[in-house]
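Source: prediction; values computed, not measured. Every heavy atom of this structure was used, including side-chain atoms; hydrogens, water molecules and symmetry mates were not. So you know, we letter chains A, B, ... as the sequences are listed, proteins then strands, and number each from 1.
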2 protein chains.
Amino acid sequence: MNYTIGEFSTLTNLGIHTLRYYEKEKLISPERKENGRRLYSENDVSWIQFIKRLKDTGMPIKEIQKYATFRAIGDSTLTDRMEMLIKHRAALNEEIVKLQEHLEKLDSKIDYYQAEIEKNAQTEK
Amino acid sequence: MNYTIGEFSTLTNLGIHTLRYYEKEKLISPERKENGRRLYSENDVSWIQFIKRLKDTGMPIKEIQKYATFRAIGDSTLTDRMEMLIKHRAALNEEIVKLQEHLEKLDSKIDYYQAEIEKNAQTEK
DNA sequence: ATACAATGTAGAGTTAGCTCTAGGTCAAGC
DNA sequence: GCTTGACCTAGAGCTAACTCTACATTGTAT
């Protein structure tokens, strides 16, 4: 199935402007109809989902661009892409660990507030 | 102990420009010496550490600003601050869960690449 | 006393990642 | 066959969070 940019926009939950911007940045390269209009494919759908995953996990556009370039070249770049993903996974792992530590500290801070507030309530009696 | 902006900068690992920017944004309000120079306290140290935690966990400056204002008012805002932290904790929790899901998907993608690469290596024999 | 390093302010510049505007083309419904 | 809405490009504008510049002043070491 193929999609116009409007359809693709609602489908992916990305603004039309954003999609054109992604194309300018060479993240995605939809086909064009004779009249010059973009034609997104089913393959573009899964690709954009993956782009979103990379973005959501903090990969900058420039890096995704690099990945996209490898992808466009084809199978000869499989290892390059895998290496990128492995590095990215390591970074993501660290990020998660870091956030979990922050979460713990935040928890104790909240506990502390809780105690302070109860103490204040006491003295007001 | 008190610190000049230079000392405080190395101590907190934040640039001098950044510290002045944070002050302009009302995140931190160090004392001033007679001659107008900033004088950071021990209390400022722990406060900036907390600001960094909030930032690292994705809280925008505007929000930290709000928290800082509550903090400056004093004990009467304990519950307000606790509420902010509780909301923030929930958001952080969601973020962690989301990232963990992404991590899993990334793992399977890497596994897939691994298999593909091995398959290609086979056919080359 | 002099130089030079640290600090001060005000405001400009930067980067990432969009988001929007202007001005034009094109296609489908009435 | 005309209008209306979707689409096109090029480029401007926006927001967050810094980061830097210019220029003045002050503190410290020789």
Item to check | Under 4.0 Å protein heavy-atom contacts per nucleotide of nucleotides 18-30 of chain D, with B for base, S for backbone only and - for none | outcome: BBBB----BS---

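As a whole-Å value, the separation of B/L27 CG from D/dA17 P is 10 Å. As rounded to whole Å, 11 Å separates atom P of D/dA16 from atom CD of B/Q65.
Heavy-atom contacts from other residues, nucleotides or ligands closer than 6.0 Å to NZ of A/K98 number more than 12. More than 12 heavy atoms of other shown residues, nucleotides or ligands fall within 6.0 angstrom of atom CD in A/E7. Around CD of A/E42, the count of heavy atoms belonging to other residues, nucleotides or ligands within 6.0 Å exceeds 12.
Within the 4.0 Å cut-off from OP1 or OP2 of D/dC7, at least one side-chain nitrogen or oxygen of A/T4 is found.
Side-chain contact between B/S29 and B/E23 is absent, with no heavy-atom pair separated by less than 4.5 Å. Proximity of B/H88 to B/Y67: side-chain heavy atoms (C-beta onward) are nowhere separated by under 4.5 Å. Contact check for A/Y22 versus A/K55: side-chain heavy atoms found under the 4.5 Å cut-off.
Nearer the 5' end of DNA chain D, as judged by each residue's closest nucleotide, is the contact made by A/L39, out of B/K62 and A/L39.
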Next on the checklist: For a ring pair (Phe, Tyr, Trp, His ring centres under 6.0 Å) check, start with the C-alpha distance between B/Y40 and B/Y3, then their side-chain angles and the critical distance, and finish with the verdict.
Outcome noted: CA-CA 5 Å; B/Y40 292 88; B/Y3 309 97; 8.3 Å; no

Next on the checklist: Go through it in stages, so that I can follow the logic: the residues are B/L78 and B/F70, the test is side-chain contact (heavy atoms from CB on, under 4.5 Å), and I'd like the CA-CA distance, side-chain angles, deciding distance and then a yes or no.
Outcome noted: CA-CA 8 Å; B/L78 277 172; B/F70 278 140; over 6 Å; no

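The span of DNA chain C lying next to chain B, judged by atoms under 4.0 Å from heavy atoms, is bounded 5' to 3' by C/dA6 to C/dT9.
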